[in-house]
Amino acid sequence: MRYDLVVFDNDGVLVDSESISNRLLAAYLTELGHPTSYEDSIRDYMGSAMHRIHDLVRERSGERLPADFDDVFHARVFAAFERELRPVAGVTGVLEKLAADGVPYCVASSGSHERIRVGHRATGLDRWFEDARIFSAQDVGKGKPAPDLFLYAAERMGVAPERCVVVEDSPLGVRAAVAAGMDVYGFTAMTPAARLAGATGHFADMGELTDLLRGVGRRS
């Protein structure tokens, strides 16, 4: 293995949640008088911490979102997760190989701790991620594209940033990993490689990831 720590993003990388959450986010923002399409949500908010949604809406409209926006949105998302959420195809096999090889891994997500855990319980991924492997933007106060979350995860896991690799599917996450001085592989199942500029490499199928991490796969 080329790396001492594999840092996974959560939404869209471990759990197949991006289509669910962005559909609901676009609908809720539109309901509140801020017309937003699904494509708009993917472009502007995918990979964001909640504070970025508030900041962009206020910047564009001059209006604040309701005080209970986060609570209402998360309630809708969590209910949908219970009905619809699945693990990303192939990711369980990746986790099995990392565990079998004794390679440390963790998750570092813009989502809240509650969101991460709800998604993992709904998909059965909780067996792979005990509390010590879970890091959220809540832990650092400043989400991606700032490098803070990835640097915090590396510090807590006891690994130097240059020995870490990040697995990401959002432009904000790739920027954060690069800023943290880490290699980053961009998952292109939902995001075109061109939008993940700066990544060390790209892959479209989780079946490719283990070889990339070992340094024997194709880099783009």
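Being a predicted model, the structure only gives us computed values, none of them experimental. Sequential numbering from 1 along the given sequence is applied to the chain's residues.
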message: Regarding Arg52 and Asp55, does a basic nitrogen lie under 4.0 Å from an acidic carboxylate oxygen?
response: no
query: Rounded to the nearest 0.5 Å, how far does CG of Leu212 lie from CE of Met206?
result: 10.5 Å
- prompt: Ignoring hydrogens and geometry, is there a side-chain-to-backbone donor-acceptor pair from His202 to Leu196 under 3.5 Å?
  reply: yes
query: About how many Å separate CG of Leu29 and CG of Asp40, when rounded to the nearest 0.5 Å?
result: 10.0 Å
message: Between Val166 and Asp9, is there a side-chain heavy-atom distance shorter than 4.5 Å?
response: no
task: Would you mind reporting whether Leu32 and Phe69 have side-chain heavy atoms less than 4.5 Å apart?
output: yes
message: Is it true that Arg115 and Ser109 share a donor-acceptor pair across their side chains at a distance under 3.5 Å?
response: no
query: Do Arg117 and Asp131 meet the salt-bridge criterion of a basic N to acidic O distance under 4.0 Å?
result: yes
query: Are side-chain heavy atoms of Asn10 and Val15 found at a separation under 4.5 Å?
result: yes
- request: Begin from the C-alpha positions of Phe8 and Leu95 and carry the test side-chain contact (heavy atoms from CB on, under 4.5 Å) through to its verdict.
  value: CA-CA 10 Å; Phe8 290 95; Leu95 295 171; 3.9 Å; yes
field: Heavy-atom donor-acceptor pair, Asp211 side chain to Glu208 backbone, under 3.5 Å
entry: no
query: If you take all heavy atoms of Val174 and Ala197, which pair is closest and at what distance?
result: CG1-O, 3.6 Å
- prompt: How far apart are the C-alpha atoms of Glu84 and Asp16, what are their side-chain angles, what is the distance that settles it, and do they pass the side-chain contact (heavy atoms from CB on, under 4.5 Å) test?
  reply: CA-CA 9 Å; Glu84 305 174 41; Asp16 196 8; over 6 Å; no
query: Which atom pair, heavy atoms only, marks the closest approach of Arg43 to Arg195?
result: O-NH2, 3.4 Å
- line: Between the CD1 atom in Ile42 and the OG atom in Ser19, the distance rounded to the nearest 0.5 Å is 7.5 Å
- request: Evaluate the side-chain proximity of Arg175 to Val178: yes if any heavy-atom separation is below 4.5 Å, no if none is.
  value: no
task: Check the angle between the aromatic planes of Phe78 and Phe81 and answer parallel, tilted or perpendicular using the 30° and 60° thresholds.
output: tilted
message: Quick check: do Val159 and Tyr3 have side-chain heavy atoms less than 4.5 Å from each other?
response: no
query: Are the side chain of Ser110 and the backbone N or O of Gly47 linked by a donor-acceptor pair below 3.5 Å?
result: yes
query: Do Arg2 and Val165 touch side chain to side chain, with heavy atoms closer than 4.5 Å?
result: no
message: Is it the case that the side chain of Arg121 and the backbone of Asp126 share a donor-acceptor pair, with hydrogens and angles ignored and the cut-off at 3.5 Å?
response: no
- prompt: Run the side-chain contact (heavy atoms from CB on, under 4.5 Å) check on Arg214 and Asp101 step by step: do they pass?
  reply: CA-CA 11 Å; Arg214 289 174 172 160; Asp101 291 344; 2.7 Å; yes
message: To the closest 0.5 Å, what do you measure between CD (Glu18) and OH (Tyr45)?
response: 14.5 Å
- request: Output yes when a side-chain donor or acceptor of Thr200 lies under 3.5 Å from a complementary backbone atom of Tyr185, and no otherwise.
  value: no
task: Would you mind listing every side-chain hydrogen bond (donor to acceptor under 3.5 Å, both in side chains) that reaches into residues 152-174, with sequence neighbours excluded?
output: Asp4-Arg163, Lys144-Glu168, Tyr152-Arg156, Glu168-Ser170
query: Should Asp139 and His113 count as side-chain neighbours, where that means a heavy-atom distance under 4.5 Å?
result: yes
message: For a side-chain contact (heavy atoms from CB on, under 4.5 Å) check, start with the C-alpha distance between Phe203 and Val167, then their side-chain angles and the critical distance, and finish with the verdict.
response: CA-CA 10 Å; Phe203 68 104; Val167 185; 3.8 Å; yes
field: Distance in Å, Thr36 OG1 paired with Arg60 CZ, rounded so as to fall on 0.5 Å steps
entry: 8.0 Å
- prompt: Quick one: does Thr92's side chain get under 4.5 Å of Trp128's, heavy atoms only?
  reply: yes
- request: Working to the nearest 0.5 Å, report the span between OG of Ser21 and CG of Asp11.
  value: 5.5 Å
query: Which atoms form the tightest heavy-atom contact between Ala154 and Cys164, and what is the distance?
result: CB-SG, 3.8 Å
statement: Taken in chain and number order and not counting sequence neighbours, the residues that satisfy ring-ring contact (aromatic ring centres under 6.0 Å, His included) with His120 are Phe129
Nearest non-hydrogen partners of Leu172 and Ser48, listed with the distance: CD1-OG, 3.3 Å
- line: Closest non-hydrogen atoms of Pro87 and Thr123, given as atom of the first, atom of the second and distance, are N-CG2, 3.6 Å
